[in-house]
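A quick write-up on the structure given underneath.
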Amino acid sequence: MHGQGLPEVAYLALNPGPPLWYDRRMELARRVARIGESATLEVSRRAKALKAQGEEVLDLSAGEPDFASPRVAVEAARQALAQGKTKYTDGRGIPELRRALAQRFAGEYGAPWSEDQVQITTGGKMSLFELFEALVDRGGRVVMPSPYWVSFPEQVRFAGGEPVMVPMRSETGFAIEAQPLIDAIDEKTRAVLVNSPGNPTGGVIAAEELRRVAEACRDRGIVLIADETYERLVYGTASHASVAALAAEMAETVILVGSFSKTYAMTGWRIGYVLGPSPLLKALTKIQSHSTSNPTTFAMYGALAALAGAEEEVRANLSEFAARRTLLVERLGQLTGVTCASPDGAFYAFPDVSAHFRPGRSDSNGLAKYLLEEARVAVVPGAAFGSPNHIRLSFACSRETLTRALDRMAEALSG
Ligand code: GLU
């Protein structure tokens with residue numbers, strides 16, 4: 001009998017409870033199954049967890065400069081907070097920063113972008129995310145060089161599109177070549193994406209190669225997205241070719257993405273930007289208006305100050321990066337069987353470590369796991385970047401960390 005004096009069956013008939021569909025298990029949207037967690041962030045999360053347990057991990061995983069953010073940026077953000085600059089701004093970001101970026105690219109490269117053709121985003125990663133949402137319909141293709149940064153194909157897939165990876169040659173240090181990219185363009189291609197200097201290889205594209213890709217895109221009515229996050233980080237005789245130099249000529253089809261994270265060691269501030277043709281910027285503004293809204297207000301004031309007054313610190317950091325690069329490439333060269341091109345840019349070395357594959361660590365995932373477990377050195381497996389024979393080592397950490405990490409690796413790989 002039920003509490004109300006009714007037999008169970010009668011009670012249930014009168015009180016049928018929630019409809020059956022209430023009981024369904026939570027189902028995730030199919031688009032989530034198309035992507036995995038970012039390998040760079042995953043490895044760095046694992047390294048941090050080990051550190052929290054008291055382990056001494058030498059972390060060469062995430063590309064995050066160990067330098068302090070510029071003093072002027074910190075001071076400007078502090079002042080902005082004190083002055084109550086803690087409210088919403090224009091969804092595209094504060095006009096002062098948009099204007100300063102437009103002026104920078106006009107002054108340096110003669111780019112025609114006005115402040116209305118600039119959107120500030122919560123990091124370069126968000127600029128790219130919004131771009132793929134704006135440009136790629138179901139089945140739309142985005143052509144990119146491989147190795148590629150982990151988030152490029154995943155963001156394209158998330159938008160419903162198909163990444164098309166075009167292999168570059170390790171013999172040339174993964175320099176980005178125009179012809180194979182152009183050959184990969186077909187009727188479904190919506191964009192070509194070039195990241196130079198590139199993550200994870202440090203490969204760069206020469207100015208004439210960039211022009212060839214840009215012209216091919218223009219002639220076919222598709223866009224060229226240039227991710228120039230590492231623009232200031234070039235070494236030796238290498239130089240950075242910016243799409244901004246082509247914008248006056250090909251205003252409708254070139255797009256520039258940039259970030260304050262690497263140049264200014266402002267990773268956690270989450271400030272990036274995108275410049276490009278007006279109709280596209282209007283689409284990005286719509287997307288941002290329904291997602292993040294403006295990036296953090298006082299962080300944008302910090303970025304504005306960095307842009308105007310942090311050159312001395314940027315140069316000091318650059319020369320330290322150059323010294324670290326020399327050290328790391330030299331030490332990698334001393335590891336038996338390991339081959340590593342000297343990166344022209346960014347702050348990663350990307351050695352071929354396949355000579356050290358063994359049962360139980362038979363690919364880059366296994367080897368990276370082995371190095372973390374045996375040597376407490378965190379690196380990112382090349383497989384995450386489409387290159388299973390390599391691992392990525394970031395030299396955005398101190399020379400001491402690099403030296404000790406390479407000592408440990410030499411020992412772990414000596415067997
Ligand atoms: N872009 C850096 C990297 O590749 C930071 C982490 C991330 O966003 O992937 O390590």
Side-chain angles (χ1 to χ4, degrees), residues 35-49 57-67 69 121-132 144-158 163 165 174 193-204 225-233 257-274 292 295 299 317 321 324-325 328 343 345-351 364-365 368 371-372 377-387 390-398 401-402 405:
I35 61 170
E37 183 184 351
S38 160
T40 47
L41 297 186
E42 194 189 337
V43 178
S44 103
R45 178 165 53 75
R46 269 193 269 138
K48 283 192 175 85
V57 178
L58 300 172
D59 191 358
L60 276 50
S61 62
E64 173 161 47
D66 56 333
F67 307 120
S69 300
T121 59
T122 54
K125 197 183 257 186
M126 192 62 188
S127 299
L128 291 159
F129 191 89
E130 292 179 10
L131 278 171
F132 298 131
M144 62 187 79
S146 172
Y148 46 79
W149 176 48
V150 282
S151 293
F152 293 149
E154 300 298 68
Q155 291 192 347
V156 173
R157 288 192 188 104
F158 198 75
M165 288 81 154
F174 297 106
L193 168 63
V194 166
N195 169 218
S196 174
N199 177 1
T201 67
V204 300
I225 304 171
D227 175 355
E228 303 190 2
T229 293
Y230 296 92
E231 58 166 337
R232 297 294 307 275
L233 294 144
V257 170
S259 167
F260 283 82
S261 293
K262 318 294 186 183
T263 304
Y264 298 105
M266 290 173 67
T267 46
W269 298 60
R270 308 311 304 135
I271 301 292
Y273 48 87
V274 49
T292 63
N317 295 351
F321 277 133
R324 293 171 180 185
R325 163 183 172 264
L328 181 57
F347 42 55
Y348 308 105
F350 199 59
S364 63
N365 289 315
L371 289 174
L372 188 59
V377 174
V379 302
V380 187
F385 309 101
S387 202
H390 295 78
I391 54 173
R392 191 192 77 173
L393 295 84
S394 159
F395 53 90
C397 55
S398 73
T401 301
L402 289 174

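Computed from a prediction, not measured in an experiment: that's the story for all the values here. In listed order, ligands and their atoms are each counted from 1.
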Item to complete: Go through the steps to decide whether S127 and T121 satisfy the test side-chain hydrogen bond (donor to acceptor under 3.5 Å, both in side chains), and finish with yes or no.
Response: CA-CA 6 Å; S127 299; T121 59; 2.7 Å; yes
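- Aromatic pair Y348/H390: centroids not less than 6.0 angstrom apart.
- The salt bridge (Lys or Arg N to Asp or Glu O under 4.0 Å) check on E228 picks up nothing, with sequence neighbours excluded.
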Can you produce the list of protein nitrogen or oxygen atoms under 3.5 Å from a nitrogen or oxygen of ligand 1, alongside each distance?
unit_1   : atom_1 : unit_2 : atom_2 : d
ligand 1 : 1 (N)  : K262   : NZ     : 3.2
ligand 1 : 4 (O)  : W149   : NE1    : 3.1
ligand 1 : 4 (O)  : N199   : ND2    : 2.9
ligand 1 : 4 (O)  : R392   : NH1    : 2.9
ligand 1 : 8 (O)  : K125   : NZ     : 2.9
ligand 1 : 9 (O)  : T40    : OG1    : 2.6
ligand 1 : 9 (O)  : W149   : NE1    : 3.1
ligand 1 : 10 (O) : G63    : N      : 2.7
ligand 1 : 10 (O) : R392   : NH2    : 2.8

Could you tabulate the donor-acceptor pairs under 3.5 Å formed by side-chain atoms of residues 262-269, not counting sequence neighbours?
unit_1 : atom_1 : unit_2 : atom_2 : d
K262   : NZ     : G63    : O      : 2.7
T267   : OG1    : E64    : OE2    : 2.6
W269   : NE1    : S69    : OG     : 3.0

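- Tested against L58 for a side-chain contact (heavy atoms from CB on, under 4.5 Å), the candidates V379, T401, L372 yield a single pass: T401.
- Contacts of F347 classified as ring pair (Phe, Tyr, Trp, His ring centres under 6.0 Å), with partners at least two apart in sequence or in another chain: Y230, F321.
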